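Below is one structure; the comments refer to it alone.
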Amino acid sequence: MPDARVISHAARGWRLAAGLVVVTVAVAAEQVWQAERRSAALRDEVAGLSSRLADRRELIAHQRREMAQVASAVDHLARTTGALGERGAEARRLAHMEESRAETRALVNVAASLDGGMSLVSEDAGRALEQLAWLDGQAAAASDSLAVLTVLMKDRGEEVSRGVPTLWPVRGLVTSPFGARTSPYGEGREMHPGIDISASYGSPVTAAGNGAVIFAGRDPGYGGVVIVAHGGQLDTLYGHLSALYVREGQSVRRGQAIGAVGATGRATGAHLHYEVRVNGAPVDPRRYLAK
């Protein structure tokens, strides 16, 4: 029969082996569990990163769409500003103004990609900013041209307004208005092409506006007469003058004496016959005369 000590020693060996097996299995199980936890965490992290990446891609796509809209708007503004610059340059030439010396850079074409490529939005933004800087220069040049032209047009407007015959050539009562009237010579109804202003014989007659004398002399009906051209096919006529102070071709200023009240020609007494003609046709002078 086997020795009891041998059997006892063998039993302890089996128990030790079983314990090692149990420990080994427990360690392996712990490692598997930890690995599963890490794997689950990694899957969650990957899912989070994927979600953030999708959001980022959507944001980039949105930014690219916005940049495309900005590029389109800037391109439209560039065309408008370019046309404005050309008109400003033409206006400068017509006004004999000095051309702008500012350097004009070439226009940069902005192209915002929508194909999902890897180009950065900031590059498109940089191009847009460069183009906007060019537009700012063009707008500044156009603004400079318009500012000078405004002054020129203001001066021209004041010059033209001084030429419009709004000043009464002599002060007095209107004894015969413009239009149909009974002839003072008993010849029935007639068309009176001006107004008759009563005034003392020899009173100075002044130009109603700036202009140039296109006739100064005698006429069978008007007697001593002066005709002044004010531009724009607008003329004034001063008739029955007793004296002429200007000559043909002379420039006259608003309020300048051009003759004296008289009764020359077909006149029944001392007065001024005053006409305003547009394209050679008489119109009512009261349309122009200041109240």
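None of the values given here were measured: they were computed from a predicted structure. Because only heavy atoms are used, hydrogens play no part in the values below, and waters and symmetry mates are left out as well, while side chains stay in.
A ring-centre distance under 6.0 Å is not found for H192 and F178.
No hydrogens or angles considered: a donor-acceptor pair under 3.5 Å links the side chains of T236 and Y238. Checked by atom type, the side-chain pair T166/R254 shows a donor-acceptor distance below 3.5 Å.
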Checklist line | Worked verdict on S176 versus R181 for side-chain contact (heavy atoms from CB on, under 4.5 Å) | finding: CA-CA 8 Å; S176 183; R181 70 174 183 177; 2.7 Å; yes
Note to self: Assess the residue pair T175 and H271 against the criterion (side-chain hydrogen bond (donor to acceptor under 3.5 Å, both in side chains)); give the C-alpha distance rounded to whole Å, side-chain angles, the decisive distance to 0.1 Å, and a yes or no.
What the structure shows: CA-CA 9 Å; T175 57; H271 72 279; over 6 Å; no
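When all heavy atoms are compared, the tightest approach of M191 to P193 is O-CD, 3.4 Å. The two residues Q256 and S251 have their closest heavy-atom pair at OE1-O, 4.2 Å. When every heavy atom of W168 is checked against every heavy atom of T206, the shortest pair comes out as O-OG1, 3.8 Å.
Test V225, V205, V261 against L241 for side chain to side chain contact (heavy atoms under 4.5 Å, CB included) and you get one pass: V205. Each of I227, V228, V278 was compared with D235 under the side chain to side chain contact (heavy atoms under 4.5 Å, CB included) criterion, and only I227 meets it.
H230 contributes no side-chain N or O that, together with a main-chain N or O of P165, makes up a donor-acceptor pair within less than 3.5 Å.
Using a 4.0 Å cut-off between charged nitrogen and carboxylate oxygen, E275 and R277 count as a salt-bridge pair.
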